[in-house]
Amino acid sequence: QVQLVESGGGSVQSGGSLRLSCAASGYTVGDYCMGWFRQAPGKEREGVAIIDSASITTYAESVKGRFTIAQDQVKNTLYLQAGMLKPEDTAMYYCAAVGPPYGGRCDMDPNAMDYWGKGTLVTISS
């Protein structure tokens with residue numbers, strides 16, 4: 001049974017930073033494709049960043065240069081280092097993963113993901 005558990009969210013002021021973590025069980029980080037997504041109130045869920053088995057990363061334009069996704073296979077954990085935070089970054093942040101059989105899509109469409117965590121809330125005040 002796959003479990004993805006996010007942590008690290010919180011309330012910070014604009015310009016601050018947070019590091020989100022996603023601890024995986026029943027799933028091997030680095031096996032294929034994982035990512036971070038977010039959903040703000042009244043908006044659709046959107047991709048923030050993804051990383052594949054070669055550690056190739058893709059970012060949404062809105063977070064490029066501010067956020068960094070990384071995977072630690074020893075700790076079996078996915079991270080999102082979020083810096084220079086803005087009020088528009090306020091959202092519930094979700095960790096997600098593509099399940100086997102591998103070889104399918106690895107992109108920032110939420111429909112490409114098979115497994116989801118319950119989310120961690122990030123609130124940025126101006």
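Note that these values count all heavy atoms, side chains included, but never hydrogens, waters or copies made by symmetry. If you read the sequence from its start, that first residue is 1, and numbering goes on from there.
In this structure, CD1 on Ile50 lies 6.0 Å from CE on Met113, to the nearest 0.5 angstrom. Here Arg38 contributes atom CZ and Thr90 contributes atom OG1; the two are 9.0 Å apart, rounded to the nearest 0.5 Å. Atom CE of Met84 and atom CG of Asp89 lie 10.0 Å apart (nearest 0.5 Å). One distance of note links OG of Ser62 with CD of Glu88; it measures 8.5 Å at 0.5 Å rounding. Interatomic distance, Thr57 OG1 to Phe67 CZ, rounded to the nearest 0.5 Å: 14.0 Å. Going from atom CD1 of Ile69 over to atom OG of Ser55 covers 9.5 Å, rounded to the nearest 0.5 Å.
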Scan the side chains in residues 114-126 for donor-acceptor partners under 3.5 Å anywhere in the protein, sequence neighbours excluded, and list what turns up.
| residue | atom | partner | partner atom | Å |
| --- | --- | --- | --- | --- |
| Asp114 | OD2 | Gly99 | N | 2.7 |
| Thr120 | OG1 | Gly9 | N | 3.0 |

Using residues 74-81 as the side-chain source, report each donor-acceptor pair under 3.5 Å to any protein atom, sequence neighbours left out, with the distance given to one decimal.
| residue | atom | partner | partner atom | Å |
| --- | --- | --- | --- | --- |
| Asn76 | OD1 | Val29 | N | 2.8 |
| Asn76 | ND2 | Ala24 | O | 3.0 |
| Asn76 | ND2 | Tyr27 | O | 2.8 |
| Thr77 | OG1 | Lys75 | O | 2.9 |

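Between Gln39 and Lys43, the shortest heavy-atom contact is NE2-O, 3.1 Å. Of all heavy-atom pairs spanning Gly47 and Ala60, the tightest one is O-CB, 3.5 Å. Across all their heavy atoms, Gly83 and Ser17 have their closest contact at CA-CB, 3.9 Å. Taking every heavy atom of both residues into account, Gly30 and Gln73 meet most closely at CA-NE2, 4.0 Å.
Put simply, Leu4 and Tyr102 are part of the same group of oily side chains (I, L, V, M, F, W, Y) that touch within less than 4.5 Å, one to the next. Residues Ile51 and Val2 share a single hydrophobic cluster, defined by chaining ILVMFWY side chains whose heavy atoms lie under 4.5 Å apart.
Here the side chains of Cys22 and Trp36 are in contact, with some heavy-atom distance below 4.5 Å.
Checking side-chain atoms of Gln71 against main-chain N and O of Asp52 turns up a donor-acceptor pair under 3.5 Å.
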